[in-house]
Amino acid sequence: MRYSSSRTYSLVLHADAEADLNRIYGEDEGAGADIDVFLEEAKNNQETLDNLTRKGYVQYGEWPFNVKEWEEAKRSKYILWRVRLLWLEGPAAKYRIVYAFHPIQYRYYILGIVERNFNYDLKHERSKKIIAAYDDLNIPRY
C-alpha cells in the first residue's frame, strides 16, 4: 500500500487499486500520472480529504472533482464512494476512484480505480473484489 498519512488523517492505496493504477500507467501514462497527482494532492490536504465523504460534493479550481456515494453498496450497509476527476479529458476521463473511509482509523482506503462504464452491481466480479477488500480491512458497516 502507498500514500502515508498526515498526522490525523491518512490516505492509503490498497494493493488492488495499486494494480489498477499500474495497469492504467501501462495503457495511458498521462491518465495514470493525473490520478497519481490527485492522490498525492489529496493525502496532503485535509480539506480535500474531508470533502471526499460529502455526498454530491463538487470541487472547482485547480484539481476539480466530484463525489458520489455508491448507492447499491449503501443499501447493503457498505459505505463506499467514488470520485471523478473533472479535469481529465479524452481517454483519461473514463476513470473513477472507488474508496471507503475507516472512521476509527481516520483513514481513506482507495480500493479500486475503475472505468466510467463500470457496472456498480454488487454481483459484478470487480465489485466483489472491492467489497472483499472493504471487509478484509475491517471498515465498519452501517
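Because the structure is a prediction, the values reported are computed rather than measured.
- Checking side-chain atoms of Asp20 against main-chain N and O of Ile113 turns up a donor-acceptor pair under 3.5 Å.
- A continuous path of ILVMFWY side-chain contacts below 4.5 Å connects Leu122 to Tyr142, so both sit in one hydrophobic cluster.
- Shown here for Thr48 and Gln59, the closest heavy-atom pair between the two residues is OG1-OE1, 4.1 Å.
- Once rounded to the nearest 0.5 Å, the distance linking CZ of Arg126 with CG of Asn119 reads 13.0 Å.
- In terms of modelled atom types and a separation under 3.5 Å, the side chain of Tyr108 and the main chain of Ala42 share no donor-acceptor contact.
- Side-chain atoms of Asp50 and Gln46 include a donor-acceptor pair closer than 3.5 Å.
- Crowding of Glu41 atom CD: a count of heavy atoms from other residues, nucleotides or ligands under 6.0 Å exceeding 12.
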Go through the steps to decide whether Ile130 and Leu80 satisfy the test side chain to side chain contact (heavy atoms under 4.5 Å, CB included), and finish with yes or no.
CA-CA 9 Å; Ile130 290 168; Leu80 286 158; 4.1 Å; yes

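- You'll find the side chain of Lys74 reaches within 4.5 Å of the side chain of Ile79, heavy atoms only.
- No more than 12 heavy atoms of other residues, nucleotides or ligands lie within 6.0 Å of CD in Glu47, so this atom counts as exposed by the packing criterion.
- With hydrogens and angles disregarded, no donor-acceptor distance shorter than 3.5 Å links the side chain of Arg84 to the backbone of Arg116.
- Of all the heavy atoms in Asp121 and Glu72, the pair that sits closest is CA-OE1, 3.5 Å.
- Ring centroid separation for the pair Tyr99 and Tyr109 does not come in under the 6.0 Å cut-off.
- Remark: the backbone N or O of Tyr120 is paired with a side-chain donor or acceptor of Trp70 at under 3.5 angstrom.
- A donor-acceptor pair is defined here as one N or O able to donate and one able to accept, closer than 3.5 Å; no such pair exists between the side chain of Ser10 and the backbone of Arg107.
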CA sep, side-chain torsions, deciding dist, call: Lys55, Glu71, salt bridge (charged side-chain N to carboxylate O under 4.0 Å, His left out):
CA-CA 11 Å; Lys55 183 177 180 177; Glu71 293 297 332; 3.3 Å; yes

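- A tilted orientation is assigned to the rings of Phe38 and Trp87, their planes being inclined by 30° to 60°.
- Side-chain N or O atoms of Tyr134 include one that pairs as donor or acceptor with a backbone N or O of Pro140 at under 3.5 Å.
- One finds the CG atom of Leu85 at 12.0 Å from the OH atom of Tyr95 (value rounded to the nearest 0.5 Å).
- Minimum interatomic distance between Val83 and Leu52 (heavy atoms only, all atoms of both residues): CG2-CD2, 4.3 Å.
- A distance of 12.5 Å separates CG of Asn66 from CZ of Arg54, quoted to the nearest 0.5 Å.
- Clustering ILVMFWY residues whenever any of their side-chain heavy atoms sit less than 4.5 angstrom apart, transitively, puts Val58 in a cluster other than the one holding Ile97.
- For the residue pair Asp135 / Tyr78, a side-chain donor-acceptor distance below 3.5 Å is found, with atom types taken as modelled.
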What's the verdict on side chain to side chain contact (heavy atoms under 4.5 Å, CB included) for Val114 and Lys94, showing C-alpha distance, side-chain angles and the deciding distance?
CA-CA 8 Å; Val114 299; Lys94 69 181 180 181; over 6 Å; no

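- With respect to Asp136 and Lys129, no salt bridge is recorded, no charged nitrogen being found less than 4.0 Å from a carboxylate O.
- Clustering ILVMFWY residues whenever any of their side-chain heavy atoms sit less than 4.5 angstrom apart, transitively, puts Leu49 in a cluster other than the one holding Leu86.
- Contact record, His14 with Leu137: CD2-CD1, 3.9 Å, taken as the closest heavy-atom pair.
- Checking each of Asp16, Ile35, Leu21, Leu11 against Ile110 for a side chain to side chain contact (heavy atoms under 4.5 Å, CB included) leaves exactly one that passes, namely Leu11.
- Under a 4.0 Å N-O distance rule, the pair Lys128/Glu125 qualifies as a salt bridge.
- Shortest non-hydrogen contact noted between Ala100 and Leu111 is CB-CD1, 4.1 Å.
- Neither side chain, Arg96 nor Asn117, offers a donor N or O lying under 3.5 Å from an acceptor on the other.
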